[in-house]
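The next block holds one structure in the form of structure tokens; read it before the comments.
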Amino acid sequence: MDILRFATAGSVDDGKSTLIGRLLFDSKAIFEDQLEAVERTSRDRGTEYTDLSLLTDGLRAEREQGITIDVAYRYFATPRRKFIIADTPGHIQYTRNMVTGASTADLAIVLIDARKGVLEQSRRHAFLTSLLRVPHLVLAVNKMDLVDYSQERFEEIKDEFTAFASKLNIGDLTFIPISALNGDNVVSRSENMPWYLGTSLLHHLENVHIASDRNLTDVRFPVQYVIRPQRATDPAFHDYRGYAGQVAGGVLKPGDEVVHLPSGLTTRIASIDTFDGPIEEAFPPMSVTLRFEDDIDVSRGDMIARPNNQPQVAQELEAMVCWMADGVKLGPRSKLTIKHTTRTARALVRDLHYRLDVNTLHRDEEATSLGLNEIGRVSLRVTQPLFVDDYARNRSTGGFILVDESTNATVGAGMVIDAR
């Protein structure tokens, strides 16, 4: 079975955690002791129903305030597909947490309260989803039970959001009216909304097509580790030399001609090995070990590609950066460590072009720095050549993180717009 990674986002109290709890509960993906603990906590808090949001809001501060603060990951499976859920916070104060949760997602669910309609935070989450190039977006209009399951209200929200989404780069947009509290259209179709002719949320998650979202054209294989088991007791492994990593793009097969970067030397793939034995092809996001017909000097941070389809070898980057550090600002002359695929180098911020207001999409070209949770376009100079693609073409080779050199803390996440 394939794996669908999806993130939930929405304004405070729109019901993200309740929706995930309902998904887990109705798909029978929680254990009895977990359910008993949630029921007990719900009774202690005086609620008349089982508060399913407690399944994901694990921090004490989250339960006390009834909001999501950190990204909570949950896993479940149905007979059709496995799922990894990232429950991301809605408040602007935790924009960095949402960016973290949505950066690896195949799909994002943005919740909207049917009573409140499209809010500023809803627009911000939709913009961040498009900025992070999440291929599929579901707008879940929640709390339909509080507007008497009104089709007219649902259509109003749908029209308003569609008009806003036309300004963004959203490939696949789906609207589903739901009630997370009561389970309407979450796992099963709701009898309360006979006017809705679409599928339930879980059915959509099970059937959305994600295989073509990954870049299967441009072969990209960042080398993570060189395997040389010279001390192995089996004589067959004494001369073994393999290069382990995760396929970031394209399809690799034994016999394919590839080029090694930065040397530019070409060779052919002798075999593709996994823990379970050799395989005939590898594609994203498989983790494999490549062996080559020729002995070439390959080390961690190098890149394997096709001779006629290579990434850009660049030390000058134009990128959108989300700043995640509290108390430290990003500005011209800032010095950081950059981690891109498996390669690490030092980076200097040469210029800050503008700071982006994620609520209005306004570009503040007078800005001199980026603070916590702010996003802007910057120019970077890197000490070592990086093998990059535009983020719009490949999220793996187009994304990077920035690390504080003194504390070793991750302080920023970036998306390459241009490289040279």
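For the numbers below, each heavy atom of this structure counts, side chains included, while hydrogens, waters and symmetry mates do not.
Between the side chains of R80 and N207, at least one donor N or O lies within less than 3.5 Å of an accepting N or O. Using modelled atom types, one finds no donor on one side chain facing an acceptor on the other under 3.5 Å when comparing R346 with T337. With 3.5 Å as the limit, one finds no donor-acceptor pair spanning the side chains of D106 and H136. At a cut-off of 3.5 Å, with distance as the only test, a side-chain donor of S406 or D404 sits close to an acceptor on the other residue. With 3.5 Å as the limit, one finds no donor-acceptor pair spanning the side chains of S130 and N169. Neither side chain, D357 nor H362, offers a donor N or O lying under 3.5 Å from an acceptor on the other. With 3.5 Å as the limit, one finds a donor-acceptor pair spanning the side chains of E318 and S379.
Taking a 6.0 Å sphere around CZ of R393, one finds it holds 12 or fewer heavy atoms contributed by other residues, nucleotides or ligands. Within 6.0 Å of CZ in R381 there are more than 12 heavy atoms belonging to other residues, nucleotides or ligands. More than 12 heavy-atom neighbours from other residues, nucleotides or ligands sit within 6.0 angstrom of CZ on R300. The environment of E365 atom CD is sparse: at most 12 non-hydrogen atoms of other residues, nucleotides or ligands sit within 6.0 angstrom. For CG of N308, the number of neighbouring non-hydrogen atoms (other residues, nucleotides, ligands) closer than 6.0 Å is 12 at most. No more than 12 heavy atoms of other residues, nucleotides or ligands lie within 6.0 Å of CZ in R5, so this atom counts as exposed by the packing criterion.
Checked options T217, N215, V388, V416; the residue passing with N394 is N215 (criterion: side chain to side chain contact (heavy atoms under 4.5 Å, CB included)). Of the options N185, D184, N182, a side chain to side chain donor-acceptor pair (under 3.5 Å) to S190 is made by D184 and by none of the others.
Looking at K329 and E374, no side-chain N of the basic residue comes within less than 4.0 Å of a carboxylate O on the acidic one, giving no salt bridge. Ion pairing between D256 and R268 fails under the 4.0 Å rule for side-chain N and carboxylate O.
Y149 and W195 have their aromatic ring centers separated by at least 6.0 angstrom.
Distance check: T397 OG1 to Y391 OH gives 10.5 Å after rounding to the nearest 0.5 Å. Note: T341 OG1 to Q224 CD = 10.0 Å, rounded to the nearest 0.5 Å. With rounding to the nearest 0.5 Å, the separation of CZ in R123 from NE2 in H125 is 13.0 Å. In this structure, the separation between NZ on K143 and CD1 on I112 is 12.5 Å, given to the nearest 0.5 Å.
Nearest heavy-atom pair, T266 versus P307, reported as atom, atom and distance to 0.1 Å: CG2-CG, 4.2 Å. Pairing each heavy atom of A105 with each of P135, the nearest pair is O-CD, 3.9 Å.
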Discussion item. Between E206 and K82, is the salt bridge (Lys or Arg N to Asp or Glu O under 4.0 Å) condition met? List the steps.
Written reply: CA-CA 9 Å; E206 285 182 324; K82 295 178 181 178; over 6 Å; no

Worksheet item: Going through the checks in order, is the salt bridge (Lys or Arg N to Asp or Glu O under 4.0 Å) test met by R153 and D148?
Response: CA-CA 10 Å; R153 180 59 179 150; D148 297 325; over 6 Å; no

Item to complete: Check step by step if salt bridge (Lys or Arg N to Asp or Glu O under 4.0 Å) holds for E366 and R355.
Response: CA-CA 8 Å; E366 303 300 318; R355 181 174 59 218; over 6 Å; no

Fill in: Candidate pair H203 and S200, rule side-chain hydrogen bond (donor to acceptor under 3.5 Å, both in side chains), full reasoning
CA-CA 5 Å; H203 184 273; S200 70; 5.7 Å; no

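Between F83 and F6, the angle of the ring planes goes over 60°, which puts this pair in the perpendicular group of the 30/60° scheme.
Remark: the backbone N or O of A180 is paired with a side-chain donor or acceptor of R22 at under 3.5 angstrom. S271 places no side-chain N or O within donor-acceptor distance of the main-chain N or O of D273, the cut-off being under 3.5 Å. Under the 3.5 Å distance criterion, the side-chain polar atoms of D390 are left unmatched by any main-chain donor or acceptor of A392. With hydrogens and angles ignored, the 3.5 Å screen pairs no side-chain donor or acceptor of R291 with any backbone N or O of I272.
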